Amino acid sequence: MKRSASAPHSGGPTSPGASTRWPRRVFSQGSDPDPRFSLANERTFLAWIRTSLALFAAGVALEAVNLPIVPGLRRASAIVLILLGAAAPAQAWFGWVRTELALRRGRGLPPPMMAVPVGAGLMLVGVLVLLGLVL
């Protein structure tokens with residue numbers, strides 16, 4: 001019988017390797033979803049890690065490059081970017097766990113926890129940099 005793309009794997013916590021996979025808290029629950037969904041979840045995890053690296057790099061570059069921005073606003077912008085870069089790995093990890101658990105339990109996918117704070121933080125950085133350039 002062919003398995004559909006949306007149907008979870010019939011294996012379960014007792015499927016091969018369930019007790020040795022880490023984190024056990026995730027892999028000991030529910031059943032293995034279609035591998036494509038788990039792999040997509042891993043790609044999302046890695047995208048948040050790349051976002052974190054980009055935010056760190058932007059914060060460091062903003063402070064390292066001598067741009068014609070009011071120094072206090074430039075520093076505030078750099079700090080916000082670095083703080084967002086420090087928060088993005090938390091979204092990567094907790095988002096991966098929450099999504100993998102939802103997949104394994106056959107539940108709806110949870111929304112990303114950090115999407116709104118990162119978006120708001122980037123808007124704040126844009127306003128600070130714009131003000132720093134105009135003043």
Side-chain angles (χ1 to χ4, degrees):
M1 178 177 189
K2 187 175 180 183
R3 191 170 31 143
S4 72
S6 61
H9 185 280
S10 61
T14 58
S15 61
S19 65
T20 60
R21 292 169 71 189
W22 188 85
R24 281 189 211 124
R25 178 176 78 96
V26 172
F27 292 111
S28 66
Q29 297 187 35
S31 60
D32 290 335
D34 185 313
R36 293 174 291 180
F37 301 138
S38 288
L39 292 171
N41 191 23
E42 289 179 24
R43 286 190 299 272
T44 302
F45 172 89
L46 293 172
W48 277 103
I49 297 299
R50 285 190 304 271
T51 299
S52 173
L53 291 170
L55 290 166
F56 277 127
V60 169
L62 192 57
E63 194 55 29
V65 177
N66 191 15
L67 297 173
I69 299 174
V70 174
L73 295 174
R74 185 181 68 229
R75 177 153 294 146
S77 299
I79 289 170
V80 170
L81 287 168
I82 290 169
L83 289 173
L84 291 172
Q91 167 60 44
W93 175 252
F94 293 113
W96 176 85
V97 168
R98 293 170 65 218
T99 300
E100 191 66 26
L101 284 171
L103 289 170
R104 297 182 70 77
R105 294 172 179 160
R107 296 186 179 153
L109 298 180
M113 300 177 301
M114 291 296 298
V116 171
V118 168
L122 290 174
M123 285 177 48
L124 174 63
V125 167
V127 168
L128 290 173
V129 169
L130 183 62
L131 286 175
L133 287 169
V134 172
L135 298 178

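Computed from a prediction, not measured in an experiment: that's the story for all the values here.
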Roughly how far, to the nearest 0.5 Å, is [atom2] of [Y] from [atom1] of [X]?
| X | Y | atom1 | atom2 | answer |
| --- | --- | --- | --- | --- |
| T99 | N41 | OG1 | CG | 4.5 Å |
| L130 | I69 | CG | CD1 | 9.5 Å |
| L101 | F27 | CG | CZ | 9.0 Å |

Is [X] reaching over with its side chain to a backbone N or O of [Y], donor-acceptor style, under 3.5 angstrom?
| X | Y | answer |
| --- | --- | --- |
| R74 | G132 | no |
| Q91 | M114 | yes |
| S52 | W48 | no |
| Q29 | R25 | yes |

Minimum heavy-atom separation for [X] and [Y], please, with both atom names.
| X | Y | result |
| --- | --- | --- |
| R75 | E63 | NH2-OE2, 2.8 Å |
| A92 | F45 | O-CD1, 3.1 Å |
| F56 | A86 | CZ-N, 3.5 Å |
| A78 | G59 | CB-O, 3.3 Å |
| P89 | G85 | CD-O, 3.1 Å |
| D32 | R21 | OD1-NH1, 3.2 Å |

Over 12 non-hydrogen atoms of neighbours within 6.0 angstrom of CZ in R98: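 Yes, the 6.0 Å shell around CZ holds more than 12 heavy atoms from other groups.
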Do you reckon [X] sits in the same ILVMFWY cluster as [Y], going by side-chain contacts under 4.5 Å, direct or chained?
| X | Y | answer |
| --- | --- | --- |
| V127 | L81 | yes |
| F94 | V26 | yes |
| I82 | L122 | no |
| L84 | I49 | no |
| L128 | V70 | yes |

4.5 Å side-chain heavy-atom contact, L67 and V129: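 SC-SC contact between L67 and V129 ruled out.
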- prompt: Side chains of L109 and F37: does their closest heavy-atom pair fall under 4.5 Å?
  reply: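 When only atoms from C-beta onward are counted, F37 and L109 do not touch, as no gap falls below 4.5 Å.
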message: The criterion is side-chain hydrogen bond (donor to acceptor under 3.5 Å, both in side chains); which residues satisfy it with S38, sequence neighbours excluded?
response: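 For S38, the residues satisfying side-chain hydrogen bond (donor to acceptor under 3.5 Å, both in side chains) (neighbours in sequence not counted) are E100.
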